[in-house]
Amino acid sequence: METVNFVEKFIVYIEDHLRERIDYDQVLNAMGVEQKSFMTIFTSLVGMTPYEYQQKRKMTELAYELYTGHRRIIDIAKYYGYSGIEPFKEAYFRTFGISPYETEKHFRSLPLLERISFEVVPVDKPRYPERRQYLESTRIVGVAERFPIAEYSAEAKYHLLDDLNRNGIIDELIRYNNGSIKGIVIHERYVSQSMEILIGVTSTLAVPFEETYTESGDFVIFESTGPASETIDDIYSYIFRRWRFKEEGELNCNFSMEVLKSTFDASSPDTKVQVWQALYID
């Protein structure tokens, strides 16, 4: 797909269906688009998943409705699909930290999201160190979780990483890390209408964990240091908004892979981060 134009068109689609539960599997299948590629590109360009964008835009429109005061709260709640006042109040408080009745007082300080438009600028000079490497299909062993694509949040992998770190699983995985990639690998792909995240290590050893295999191919490896979620998001934004426009080859977005080095605390400013961006082989 021509990434920028497609994402812009899909934003229009979401805007037209803000009040509905969008079946992303069905919509993307009808468009002939691979789900994982779409999720990676959309998130990199927009800064959030389609589900997160829809929810934030819906809550923004709700806030505007409450602020203008043209309709009763119960009518607004039902119009946006809530079964009653209480579920609506709970969702509103989770988003903004205030009651719907306090909207007028706090409106100017609310974290509202206007319809997204994004700037795409070809790279003029490298922002991150990068190198190229060919990788044969490699075994990754670790812990996997799957999430419905209609409700997938990019934060899911960092929550999983924190859980594994807190429970000592990361330390156990590192003991088996005899493969070609040193560090904790975050591997994400689309499987059976779900987004699968596997956090593990490359290994040839017999282990009591789940396994998957990377695709063989050429990779461009981007490196930086900082809190994992912020740093990884920044690198992907750089790749899809700037770097890719100087490349002649196509990016392979059927899966994504990041590697954490040295410390595996997702919030640590000392985490060494690599994004392994796959390329299609000519």
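Residues Ile41 and Phe6 form no side-chain contact, since every pair of their non-hydrogen atoms from C-beta on lies 4.5 Å or further apart. In this structure, the side chains of Leu45 and Arg241 come closer than 4.5 Å at one or more pairs of heavy atoms. Residues Ile140 and Met257 meet the side-chain proximity criterion, which asks for heavy atoms closer than 4.5 Å. Residues Pro111 and Phe96 are in side-chain contact: their nearest non-hydrogen atoms beyond the backbone lie under 4.5 Å apart. At a threshold of 4.5 Å between non-hydrogen side-chain atoms, the residues Ile239 and Tyr128 do not count as touching. Residues Tyr152 and Ile197 are in side-chain contact: their nearest non-hydrogen atoms beyond the backbone lie under 4.5 Å apart. The shortest distance between side-chain heavy atoms of Thr214 and Trp276 does not fall below 4.5 Å. Residues Met39 and Glu188 are not in side-chain contact: their nearest non-hydrogen atoms beyond the backbone lie 4.5 Å or more apart.
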Q.
Val201 vs Ile184, test: side-chain contact (heavy atoms from CB on, under 4.5 Å). Steps then yes/no.
A. CA-CA 5 Å; Val201 296; Ile184 291 296; 3.7 Å; yes
Q: Check the pair Cys253, Gln277 against side-chain contact (heavy atoms from CB on, under 4.5 Å), reporting the backbone distance first and the verdict last.
A: CA-CA 8 Å; Cys253 300; Gln277 176 58 59; 4.2 Å; yes
Q: Could you go through the side-chain contact (heavy atoms from CB on, under 4.5 Å) check for Phe10 and Met31 one step at a time?
A: CA-CA 11 Å; Phe10 207 88; Met31 293 179 174; 4.1 Å; yes
Q | Worked check of side-chain hydrogen bond (donor to acceptor under 3.5 Å, both in side chains) between Thr95 and Lys56 | A | CA-CA 8 Å; Thr95 301; Lys56 290 181 180 181; over 6 Å; no
Q.
Applying side-chain contact (heavy atoms from CB on, under 4.5 Å) to Tyr82 and Glu86, what does each step give before you reach the verdict?
A. CA-CA 9 Å; Tyr82 293 96; Glu86 290 307 314; over 6 Å; no
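Between Asn177 and Gly183, the shortest heavy-atom distance links the atoms OD1-N, 2.9 Å. Between Glu52 and Ser153, the shortest heavy-atom contact is OE2-OG, 2.8 Å. Residues Leu161 and Ala266 come closest through the heavy atom pair CD2-CB, 3.8 Å. The heavy-atom pair separating Tyr238 from Glu130 by the smallest distance is OH-OE1, 4.4 Å. When all heavy atoms of Thr271 and Asp265 are compared, the closest pair comes out as OG1-O, 3.0 Å. The two residues Phe264 and Leu260 make their nearest non-hydrogen contact at CE2-O, 3.2 Å.
Within a 6.0 Å sphere centred on NZ of Lys182, heavy atoms belonging to other residues, nucleotides or ligands number more than 12. Within a 6.0 Å sphere centred on CD of Glu196, heavy atoms belonging to other residues, nucleotides or ligands number more than 12. Atom CD of Glu104 sits in a sparse spot, with 12 or fewer heavy atoms from other residues, nucleotides or ligands closer than 6.0 Å. Within 6.0 Å of OH in Tyr13 there are more than 12 heavy atoms belonging to other residues, nucleotides or ligands. More than 12 heavy atoms of other residues, nucleotides or ligands sit less than 6.0 Å from atom CD of Glu20.
Placement of Leu173 and Tyr158 within a single hydrophobic cluster is found when ILVMFWY residues are connected by side-chain heavy-atom separations under 4.5 Å, directly or transitively. Val33 and Met195 fall within the same hydrophobic cluster, defined by Ile, Leu, Val, Met, Phe, Trp and Tyr side-chain heavy atoms under 4.5 Å apart, directly or through other members. With hydrophobic clusters built from ILVMFWY side chains whose heavy atoms lie under 4.5 angstrom apart, Ile181 does not share a cluster with Leu164. Linking ILVMFWY side-chain heavy atoms closer than 4.5 Å, directly or via other members, places Ile186 and Phe147 in a single hydrophobic cluster. No continuous path of hydrophobic side-chain contacts links Leu113 to Leu110 [ILVMFWY only; heavy atoms under 4.5 Å].
Annotation: the span from Ile22 atom CD1 to Ile14 atom CD1 amounts to 5.5 Å, rounded to 0.5 Å. The CD atom of Glu145 sits 11.5 Å away from atom OG of Ser194, with the distance rounded to the nearest 0.5 Å. Met59 CE to Phe88 CZ: the interatomic distance, rounded to the nearest 0.5 Å, is 6.0 Å. Note that OG of Ser99 and CD1 of Ile73 are 7.0 Å apart. Values are rounded to the nearest 0.5 Å. For the atom pair Lys272 NZ and Ser224 OG, the distance stands at 11.5 Å (nearest 0.5 Å). Expressed to the nearest 0.5 Å, how far CG of Asp234 lies from CD of Glu230 amounts to 7.5 Å.
Using a 30° and 60° split on the angle between ring planes, Phe107 and Tyr67 fall in the parallel class, below 30°. Using cut-offs of 30° and 60° on the angle between ring planes, the pair His187 and Phe255 is parallel.
Counting only distance, with no hydrogens or angles, the side chain of Glu210 and the backbone of Val143 share no donor-acceptor pair below 3.5 Å. Listed for the Ser237 side chain is no donor-acceptor partner under 3.5 Å among the backbone atoms of Asp233. A donor-acceptor distance shorter than 3.5 angstrom exists from the side chain of Thr138 to the backbone of Glu136, with no hydrogens or angles considered. With hydrogens and angles ignored, the 3.5 Å screen pairs a side-chain donor or acceptor of Ser216 with a backbone N or O of Ser137. Panel note: side chain Gln54, backbone His17; a donor-acceptor pair is recorded below 3.5 Å. Remark: the backbone N or O of Tyr79 is paired with a side-chain donor or acceptor of Arg19 at under 3.5 angstrom.
Checked against Glu15 for a salt bridge (charged side-chain N to carboxylate O under 4.0 Å, His left out), the options Lys58, Lys9, Arg57 give a single hit: Arg57.
With sequence neighbours excluded, the residues satisfying side chain to side chain contact (heavy atoms under 4.5 Å, CB included) with Ser44 are Thr40, Tyr236, Phe240. Considering only residues two or more places apart in sequence or on other chains, Asn178 meets the side chain to side chain contact (heavy atoms under 4.5 Å, CB included) condition with Ser203, Thr204, Leu205.
A salt bridge links Lys157 with Glu258: the distance from a Lys NZ or Arg NE/NH1/NH2 to an Asp or Glu carboxylate oxygen falls below 4.0 Å.
No side-chain donor-acceptor contact under 3.5 Å links Glu215 and Asn254.
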